[in-house]
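Some notes on the structure that comes next.
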Amino acid sequence: MSVPGGTAPAAAPVAHAGSRIEGVFEGRDAGAAFIPFLSSGFPRPADTPRLLERLAADGADIIELGIPFSDPLADGPTIQAASWRALEQGVTVESTLDQLAEISGDLPPVVVFSYLNPILRMGVERFLARAEAAGAAGLLVTDLPVGSHPELERRLAAGPLDLIPLAAPTTPRARLETILGHASGFLYYISRLGVTGARKALDASLEDQVRGLRTMVRLPVAVGFGISTPEQAAAVAGMADGVVVGSALIAALGRGETAFGELSAALAAAVHENDSCRKAE
């Protein structure tokens with residue numbers, strides 16, 4: 001990661017009193033959090049509440065719930081296809097939040113994962129109010145780079161949801177400090193360049209990158225993009241505070257709910273398997 005200059009912590013993140021997301025990491029005095037991603041409305045709109053509950057039962061500590069969008073530029077073909085299928089069946093921001101509202105009390109903290117246009121179309125204040133009322137705990141806006149729209153960023157950061165930032169291997173230290181000035185919850189570290197999607201192997205330098213980040217960043221660091229197997233999830237859990245898995249789960253869901261459930265349970269077990277060992281340390 002391009003992080004020039006020293007090891008002093010980067011700028012303090014925005015404080016959200018009573019943050020449920022930060023509470024998850026504080027409550028895990030050892031071990032990493034499992035953070036699965038689910039694309040709302042895939043394979044069918046009626047499936048989403050049941051699948052969210054399945055992820056919770058399997059051991060998810062935080063869940064990312066993706067709002068389908070017609071131009072998901074940060075996502076690879078697996079999540080793009082899931083988004084299109086959901087849109088074809090009429091899934092919207094409103095329907096996603098309505099479903100979340102029905103079951104959020106039975107779920108771990110949920111981060112709404114969206115592109116900017118659906119939020120703007122609803123209206124920022126209305127979206128934030130609806131998401132909070134639905135029980136969402138955080139928001140990740142994929143295509144809103146820090147500094148691109150300062151007024152909008154301030155409105156989102158001042159809202160009721162933790163605003164989850166993204167950082168990449170190419171993020172310089174000065175940029176990281178700016179990003180963290182608008183952020184809360186956890187830092188989502190993109191483990192490699194490019195779009196989302198399953199990969200056969202992790203970047204050989206990932207552990208060094210994450211170790212460097214954790215010496216500088218006050219937020220918990222969760223790693224995502226390309227984590228595909230329980231073995232990879234276990235490896236990332238040994239170096240990061242959280243492990244995000246998306247495309248592999250969506251691909252499994254495309255094969256059926258049995259495959260999805262088996263992978264979800266295996267990933268959760270892999271992420272959590274070293275909990276007792278790390279506590280003993």
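- Checking side-chain atoms of E64 against main-chain N and O of V111 turns up no donor-acceptor pair under 3.5 Å.
- The backbone N or O of P169 sits nowhere less than 3.5 Å from a side-chain atom of T171 that would complete a donor-acceptor pair.
- Side-chain contact check for S247 and T78: no donor-acceptor pair (N or O, by modelled atom type) lies under 3.5 Å.
- Here the shortest heavy-atom pairing between A233 and V243 reads O-CG2, 3.8 Å.
- Annotation: the span from L263 atom CG to T258 atom OG1 amounts to 12.5 Å, rounded to 0.5 Å.
- Here the CH2-OG distance, from W84 to S39, works out to 13.0 Å after rounding to the nearest 0.5 Å.
- Side-chain contact check for L267 versus D58: every heavy-atom pair is 4.5 Å or farther apart.
- Counting heavy atoms from C-beta outward, M216 and E177 have side chains that stay 4.5 Å or more apart.
- Distance CD/E26 to CZ/R20: 14.0 Å, rounded to 0.5 Å.
- Here the shortest heavy-atom pairing between G41 and Q89 reads O-NE2, 3.7 Å.
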- Message: Please determine whether side chain to side chain contact (heavy atoms under 4.5 Å, CB included) holds for the pair L156 and L144, giving the CA-CA distance in whole Å, both sets of side-chain angles, and the decisive distance to 0.1 Å.
- Response: CA-CA 11 Å; L156 293 173; L144 183 64; 3.5 Å; yes
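- Clustering ILVMFWY residues whenever any of their side-chain heavy atoms sit less than 4.5 angstrom apart, transitively, puts Y188 in a cluster other than the one holding F69.
- Between the side chain of D61 and the main chain of F34, a donor-acceptor pair closer than 3.5 Å is present.
- Contact record, G90 with S95: O-OG, 4.4 Å, taken as the closest heavy-atom pair.
- The existence of a salt bridge linking E257 and R50 is confirmed by a sub-4.0 Å separation between a basic side-chain nitrogen and an acidic carboxylate oxygen.
- Within the 4.5 Å cutoff, the side chain of L87 has no heavy atoms near those of the T92 side chain.
- Heavy-atom minimum distance, G185 versus P220: O-CD, 3.5 Å.
- The distance from the CD1 atom of I179 to the CD atom of E153 is 10.0 Å, given to the nearest 0.5 Å.
- The shortest distance between side-chain heavy atoms of F113 and L65 does not fall below 4.5 Å.
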- Stepwise side chain to side chain contact (heavy atoms under 4.5 Å, CB included) check, L176 with V217: CA-CA 9 Å; L176 183 63; V217 174; 3.9 Å; yes
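- I103 and L38 fall within the same hydrophobic cluster, where Ile, Leu, Val, Met, Phe, Trp and Tyr residues are linked whenever their side-chain heavy atoms come under 4.5 Å apart, directly or through other members.
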- Item | Residue pair S264, L249: steps toward the side chain to side chain contact (heavy atoms under 4.5 Å, CB included) verdict | CA-CA 7 Å; S264 170; L249 281 167; 4.0 Å; yes
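- By the rule that hydrophobic residues join a cluster once side-chain heavy atoms approach within less than 4.5 Å of another member, V124 and Y115 end up as members of separate clusters.
- A single hydrophobic cluster is seen to contain both L116 and L161, as judged by linkage of ILVMFWY side chains at heavy-atom distances under 4.5 Å, directly or through other members.
- Counting heavy atoms from C-beta on, the side chains of T48 and F42 never come closer than 4.5 Å.
- Taking each heavy atom of A234 and E273 in turn, the nearest pair found is CB-OE2, 3.3 Å.
- Transitive grouping of hydrophobic side chains (ILVMFWY, heavy atoms separated by less than 4.5 Å) brings V245 and F37 into a common cluster.
- Looking at R130 and D98, a side-chain N of the basic residue comes within less than 4.0 Å of a carboxylate O on the acidic one, giving a salt bridge.
- With hydrogens and angles ignored, the 3.5 Å screen pairs no side-chain donor or acceptor of T96 with any backbone N or O of I67.
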- Step by step, work out the side chain to side chain contact (heavy atoms under 4.5 Å, CB included) result for H272 and R28. CA-CA 10 Å; H272 296 150; R28 297 190 61 77; 3.3 Å; yes
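- No side-chain donor-acceptor contact under 3.5 Å links S205 to the backbone of D208.
- Residues L187 and L213 are in side-chain contact: their nearest non-hydrogen atoms beyond the backbone lie under 4.5 Å apart.
- Taking 4.5 Å as the limit, every side-chain heavy atom of I62 sits out of range of all side-chain heavy atoms of V110.
- If you take CG on D71 and CG on D143, they are separated by 9.5 Å, rounding to the nearest 0.5 Å.
- E207 CD to Q209 CD: the interatomic distance, rounded to the nearest 0.5 Å, is 11.0 Å.
- Among all heavy-atom pairs drawn from V91 and S40, the shortest one is CG1-OG, 3.8 Å.
- In this structure, L166 and L140 have side chains that are in contact, with non-hydrogen atoms separated by less than 4.5 Å.
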